**Student:** 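If you scroll down you'll find the structure; I have some questions about it.
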2 protein chains.
Amino acid sequence: MKKIEVKKGQILQRKGDVNSKLYRVESGLLRSYSISDKGKEHIYMFAPENWIIADSVAPDEPCDLFIDAIEPSIVWQEDKAQHLAHDVPKLIKRINVLQKRVIMLMCASALERYEHFLATYPDIVQRVPQKMIASYLGITPEALSTVRRKRPQKA
Amino acid sequence: MKKIEVKKGQILQRKGDVNSKLYRVESGLLRSYSISDKGKEHIYMFAPENWIIADSVAPDEPCDLFIDAIEPSIVWQEDKAQHLAHDVPKLIKRINVLQKRVIMLMCASALERYEHFLATYPDIVQRVPQKMIASYLGITPEALSTVRRKRPQKA
DNA sequence: CACACTTCTTAATCTACATTAATGCACCGG
DNA sequence: CCGGTGCATTAATGTAGATTAAGAAGTGTG
């Protein structure tokens, strides 16, 4: 359990690394993402204050995801094995969130996905560039732009 | 821990049920699926012999998914809480699989998803109707039909 | 056996989103 | 102060897959 200061853009984990750590964000903003064969970046999740971010592989297996900092951040580095063993309900919750996301990706339109993103990360919209939101939603920045234009305005 | 005989088409769990059980398939084939607001069915997973299938919610919360039998099956009904507590690595493995699936849904074409399905469930293709495979892939049966036609034939 | 019923396929048309390209802006370093 | 670089937006054109519709083949039921 170690406190780390992370600069904007600094990479904490690369695909292929073996990383037995996870990161609890005290302040700032991290993200995890994959890079496809075709070289496209897809953001898997954002981790603002109090979120935990990690690659969900066994502590001794190579990672699938990159993790880096979108903002300068303070994070606690913890041991995956130790931390997770205690918290089965949290793991189940995580699976449940993923389950919902899979189902959403299978049936929701770009607009619906955007609305869901806003609900999931209410205060992230202002903090990250549009292209990252598009990357999280699995659409292009251009498509996101038109979605935002057409979107029923609330408040 | 109870052995159950399940008829083809029999429903083990409905959306909204509170179900503290999970199911280990001894023989046969189960599936879990959701039904969207628009009434569309999306298969979330298949569970052939030796697989475990359940809704990933806390044992005391209402379920998101339906579970039913595609073939007449013999399943062991077990207690979620009890079973899962023992097996943190299995939970992590599950999260990892979901992580990969989310990423795939974000960037893979219908063809790539179909190939991945074949790799994941090598002996299911013959056992379920095409429309269920399409439902699992998040495409229409018509689209699956053309994918199969165009697909690079192997052996 | 005949009949309804479901599944699978094929083809024509439609649509959401991708791609490409052009423009306007903000930010940054010289 | 100016020119570069990256981001957001808009519009045009392209395309994967949805929708619709029809017919062929299989399956269970009276």
Side-chain angles (χ1 to χ4, degrees), chain A residues 7-9 29 31 33-43 46 68-72 102-118 124-153, chain B residues 7-10 29 31 33-43 46 68-72 101-118 124-153:
Chain A
K7 293 200 199 71
K8 179 173 171 171
L29 181 60
R31 63 165 178 165
Y33 58 99
S34 77
I35 298 184
S36 75
D37 313 335
K38 301 147 205 151
K40 296 215 168 169
E41 201 177 286
H42 286 276
I43 293 182
F46 296 104
D68 69 12
I70 297 177
E71 301 173 358
V102 165
I103 290 166
M104 203 188 49
L105 283 169
M106 283 202 297
C107 65
S109 68
L111 173 58
E112 289 165 326
R113 297 216 289 278
Y114 182 59
E115 298 286 1
H116 183 267
F117 161 80
L118 291 177
I124 300 294
V125 200
Q126 312 85 342
R127 292 164 67 182
V128 307
Q130 301 295 330
K131 61 166 196 163
M132 284 197 188
I133 299 175
S135 165
Y136 174 85
L137 298 178
I139 60 177
T140 60
E142 293 85 349
L144 176 56
S145 186
T146 66
V147 162
R148 280 159 55 90
R149 191 157 24 123
K150 289 180 196 158
R151 193 170 91 91
Q153 297 299 341
Chain B
K7 294 201 198 72
K8 178 172 171 173
Q10 188 177 334
L29 181 59
R31 65 166 177 164
Y33 59 99
S34 77
I35 299 184
S36 75
D37 313 336
K38 300 147 205 151
K40 295 215 170 170
E41 202 177 284
H42 287 275
I43 294 183
F46 296 103
D68 68 13
I70 297 177
E71 302 174 356
R101 186 147 175 222
V102 165
I103 290 166
M104 204 188 50
L105 283 170
M106 282 203 296
C107 66
S109 68
L111 174 58
E112 289 164 325
R113 297 216 290 276
Y114 182 58
E115 299 286 2
H116 184 267
F117 161 79
L118 292 177
I124 300 293
V125 199
Q126 312 85 340
R127 293 165 66 181
V128 307
Q130 302 294 331
K131 61 165 197 162
M132 284 197 187
I133 299 176
S135 166
Y136 174 85
L137 298 177
I139 61 176
T140 60
E142 294 84 349
L144 176 56
S145 185
T146 67
V147 162
R148 280 160 55 90
R149 189 156 26 125
K150 287 177 196 160
R151 193 170 93 90
Q153 296 300 340

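All values reported here derive from a predicted model rather than from experimental measurement. The figures here come from the full heavy-atom set of this structure, side chains too, leaving out hydrogens, waters and symmetry mates. Below, chains carry the letters A, B, ... as their sequence lines are ordered, and counting in each starts from 1.
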**Student:** In whole Å, what is the span from the CG atom of A/Leu137 to the P atom of C/dA16?
**Tutor:** 17 Å
**Student:** Measure the CE-CG distance between A/Met132 and A/Leu29 for me, rounded to the nearest 0.5 Å.
**Tutor:** 8.5 Å
**Student:** Using whole Å, what does the distance between atom C1' of nucleotide C/dA18 and atom NE2 of A/His42 come to?
**Tutor:** 12 Å
**Student:** Looking at five pairs on each end of the helix from C/dA4-D/dT27 to C/dG30-D/dC1, what is the angle between the two axes, given to 10 degrees?
**Tutor:** 30°
**Student:** Figure out the CD/P separation between A/Gln130 and C/dC25, and round it to whole Å.
**Tutor:** 17 Å
**Student:** For nucleotides 14-17 of chain D, which of its nitrogen or oxygen atoms have a protein nitrogen or oxygen under 3.5 Å away, and what is each distance?
**Tutor:**
| residue | atom | partner | partner atom | Å |
| --- | --- | --- | --- | --- |
| D/dG17 | OP1 | B/Ala110 | N | 2.7 |

**Student:** What is the minimum heavy-atom distance between A/Pro141 and A/Lys131, and which atoms define it?
**Tutor:** CG-CB, 4.0 Å
**Student:** Taking NZ from A/Lys131 and C1' from D/dT9, how many angstroms apart are they, rounded to a whole number?
**Tutor:** 15 Å
**Student:** Looking only at non-hydrogen atoms, find the nearest pair between A/Glu112 and A/Cys107 and report the distance.
**Tutor:** OE1-O, 4.1 Å
**Student:** Quick one, B/Val128 with B/Tyr136, criterion side chain to side chain contact (heavy atoms under 4.5 Å, CB included). Give me CA distance, side-chain angles, the key distance, then yes/no.
**Tutor:** CA-CA 11 Å; B/Val128 307; B/Tyr136 174 85; over 6 Å; no
**Student:** Find the distance B/Met132:CE to C/dC8:C1' and express it as a whole number of Å.
**Tutor:** 14 Å
**Student:** Tell me the closest heavy-atom pair linking A/Ala108 and A/Arg113, and the distance in Å.
**Tutor:** O-NH1, 2.9 Å
**Student:** Please report, rounded to the nearest Å, how far the P atom of D/dT9 is from the CD atom of A/Glu142.
**Tutor:** 10 Å
**Student:** Output the rounded distance in Å from CD (B/Gln126) to C1' (C/dC8).
**Tutor:** 17 Å
**Student:** Mind checking A/Pro141 for me? I need base, sugar-phosphate or nothing, with any heavy atom below 4.0 Å counting as a touch.
**Tutor:** nothing
